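This report refers to the structure that appears directly beneath it.
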Amino acid sequence: MHMICRQAPVIPVLVIEDLAHAVPLAEALVAGGLPVLEVALRTPVALQAMSLMARVPGATIGAGNVMTAKHAMEALQAGATFATSPGFAHSLIDCCKEHGFPLLPGAATASEIMQLLDRGFDLIKFFPAAATGGVATLKALGAPFPQIHFCPTGGISQSNAHEYLELVNVACVSGSWPAPLELQKAELWGDIRQLAHQARQLNNGHHRSAANDEPHSAKVE
Ligand code: 3PG
């Protein structure tokens, strides 16, 4: 999961309502410089969309909103190469480990982080980021958990993403802002490509430049 998070500073969270939009959306985001895409399992076409998007050159497709082992298996079969969850369930973790399916589980409190640490995770989605104290909370969590890196999600935008990415314990951020539903509905792929390009310019270089030194990159989490 570490290697996936290092591919770009921002992972767009995608809510896809129209299957016909899946491929042009993925192409626009990849062309804009964001190759890692999280398709939220929140619409009826999400699994089919993942299958189509997984064939777009350069795209790394993950499943978001993965709550159960059943969701994880469906996403894996649809061609997703990683799963993310707003939280975690031990049955979900067990399933992903059993199938070698990289998982980015979510946590918002110290106790949740401790449970994930106990299960071997050192890269965790911090959700809901802004509502749980944002940058100040992440800085505070860095003291007792210096070994944990986070992907903050929820309430992040182009204008505040840099505040998160500057933190040494933030690997990348994710959010819906690079692919707004209204731009998808209007099929304004050039505009989405431009939003992706802007997001790509956000700097988390101090993390990505250390990719070759990463001690945990081979772990399946
Ligand atoms: C979501 O639930 O859609 C994701 O957490 C993204 O949240 P955002 O829309 O605040 O970026």
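Computed from a prediction, not measured in an experiment: that's the story for all the values here. Both ligands and their constituent atoms are indexed starting at 1 by order of listing.
Ser111 and Thr109 share no donor-acceptor pair across their side chains, judged by distance under 3.5 Å alone. Of the N and O atoms on the side chains of Ser174 and Thr153, at least one donor lies less than 3.5 Å from an acceptor on the other residue.
Glu17 and Lys185 are joined by a salt bridge, as a carboxylate oxygen and a charged side-chain nitrogen come within less than 4.0 angstrom of each other.
For the side-chain hydrogen bond (donor to acceptor under 3.5 Å, both in side chains) condition, the pairs that include at least one residue of residues 40-59, sequence neighbours left out, are Arg42-Asn65.
For Trp177, there are no ring pair (Phe, Tyr, Trp, His ring centres under 6.0 Å) partners at least two apart in sequence or on another chain. The salt bridge (Lys or Arg N to Asp or Glu O under 4.0 Å) check on Lys139 picks up nothing, with sequence neighbours excluded.
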List below, pair by pair, the N or O atoms of ligand 1 and of the protein that are less than 3.5 Å apart, including the distance to 0.1 Å; reply 'none' if no pair qualifies.
from: ligand 1; atom 1: 2 (O); to: Arg42; atom 2: NH2; distance (Å): 3.0
from: ligand 1; atom 1: 3 (O); to: Arg42; atom 2: NH1; distance (Å): 3.1
from: ligand 1; atom 1: 3 (O); to: Arg42; atom 2: NH2; distance (Å): 3.2
from: ligand 1; atom 1: 9 (O); to: Ser176; atom 2: OG; distance (Å): 2.5
from: ligand 1; atom 1: 10 (O); to: Gly155; atom 2: N; distance (Å): 2.7
from: ligand 1; atom 1: 11 (O); to: Ser176; atom 2: N; distance (Å): 2.9
from: ligand 1; atom 1: 11 (O); to: Ser176; atom 2: OG; distance (Å): 3.3

